[in-house]
Amino acid sequence: MAATMNVVKRTLSISIARGQDADGNQVTKSYSYSNVKPDVEPDKLLAVGKALGGLFDNDITGLTVVERASLIEE
């Protein structure tokens with residue numbers, strides 16, 4: 001039996017540096033953007049993430065894509 005995975009939902013998360021806490025650890029804030037097309041290419045996601053992150057005053061510390069997928073048995 002083979003299985004197929006179909007991405008049904010994607011969310012793009014952008015982490016932005018917000019400074020440091022009292023112990024010197026980096027503090028970040030994440031912003032999530034839902035309703036990302038399931039079939040969008042990774043290069044385009046990266047470009048959009050960088051463009052959106054560029055709207056903030058602080059540096060981007062990470063870009064993450066979270067996917068929800070359905071599994072279908074063939």
Side-chain angles (χ1 to χ4, degrees):
M1 285 184 241
T4 302
M5 186 169 82
N6 289 334
V7 176
V8 293
K9 182 178 179 181
R10 276 190 176 164
T11 301
L12 175 64
S13 179
I14 303 170
S15 296
I16 304 294
R18 288 293 187 202
Q20 296 181 344
D21 63 11
D23 295 327
N25 298 318
Q26 186 176 34
V27 176
T28 62
K29 178 158 175 83
S30 293
Y31 298 89
S32 294
Y33 299 91
S34 57
N35 296 325
V36 175
K37 289 184 178 181
D39 58 349
V40 71
E41 298 169 6
D43 292 340
K44 290 182 180 180
L45 274 176
L46 181 62
V48 168
K50 286 182 175 181
L52 288 171
L55 298 174
F56 295 96
D57 292 333
N58 298 341
D59 294 334
I60 299 171
T61 60
L63 297 171
T64 306
V65 176
V66 178
E67 295 181 332
R68 177 177 285 168
S70 62
L71 289 174
I72 301 167
E73 185 177 1
E74 295 180 351

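The model shown is predicted, which means the values in this text are computed figures rather than measured ones.
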task = Return the minimal non-hydrogen interatomic distance between T61 and I16, and the atom names on each side.
result = OG1-N, 4.0 Å
key: V36-V66 co-clustered via ILVMFWY side chain contacts under 4.5 Å   = no
message = For a quick test of reading the model, state the closest non-hydrogen atom pair linking D39 to R10 and the distance between them.
response = C-NH1, 4.5 Å
task = Nearest 0.5 Å please: distance from the OG atom of S30 over to the CG atom of L63.
result = 10.0 Å
query = Which heavy-atom pair separates I60 from G54 by the least distance, and what is that distance?
reply = CD1-N, 4.4 Å
inquiry  = With a sphere of 6.0 Å drawn around CG of N35, does it hold more than 12 non-hydrogen atoms of other residues, nucleotides or ligands?
reply    = no
task = Find the distance between CD (E67) and CE (M5) and round it off to the nearest 0.5 Å.
result = 6.0 Å
request  = Answer with yes or no whether the hydrophobic clustering places Y31 together with V27; edges join I, L, V, M, F, W, Y residues whose side-chain heavy atoms lie under 4.5 Å apart.
outcome  = no
task = May I ask whether V48 and L55 are part of the same hydrophobic cluster, defined by side-chain heavy atoms of I, L, V, M, F, W, Y residues being less than 4.5 angstrom apart, directly or through others?
result = yes
query = Looking only at heavy atoms, what is the nearest atom pair of P38 and V8, with distance?
reply = CG-O, 4.0 Å
remark   = Nearest heavy-atom approach of K9 to S34 is CE-CB, 4.5 Å
key: Backbone N/O of N25 and side chain of D23: donor-acceptor pair under 3.5 Å   = no
ask   = So do the side chains of L45 and V65 get within less than 4.5 Å of each other, counting heavy atoms only?
value = yes
request  = Could you tell me whether a side-chain N or O of N58 sits under 3.5 Å from a main-chain N or O of A17, the two making a donor and an acceptor?
outcome  = yes
key: Separation between OG1 of T28 and CD1 of I14, rounded to the nearest 0.5 Å   = 13.0 Å
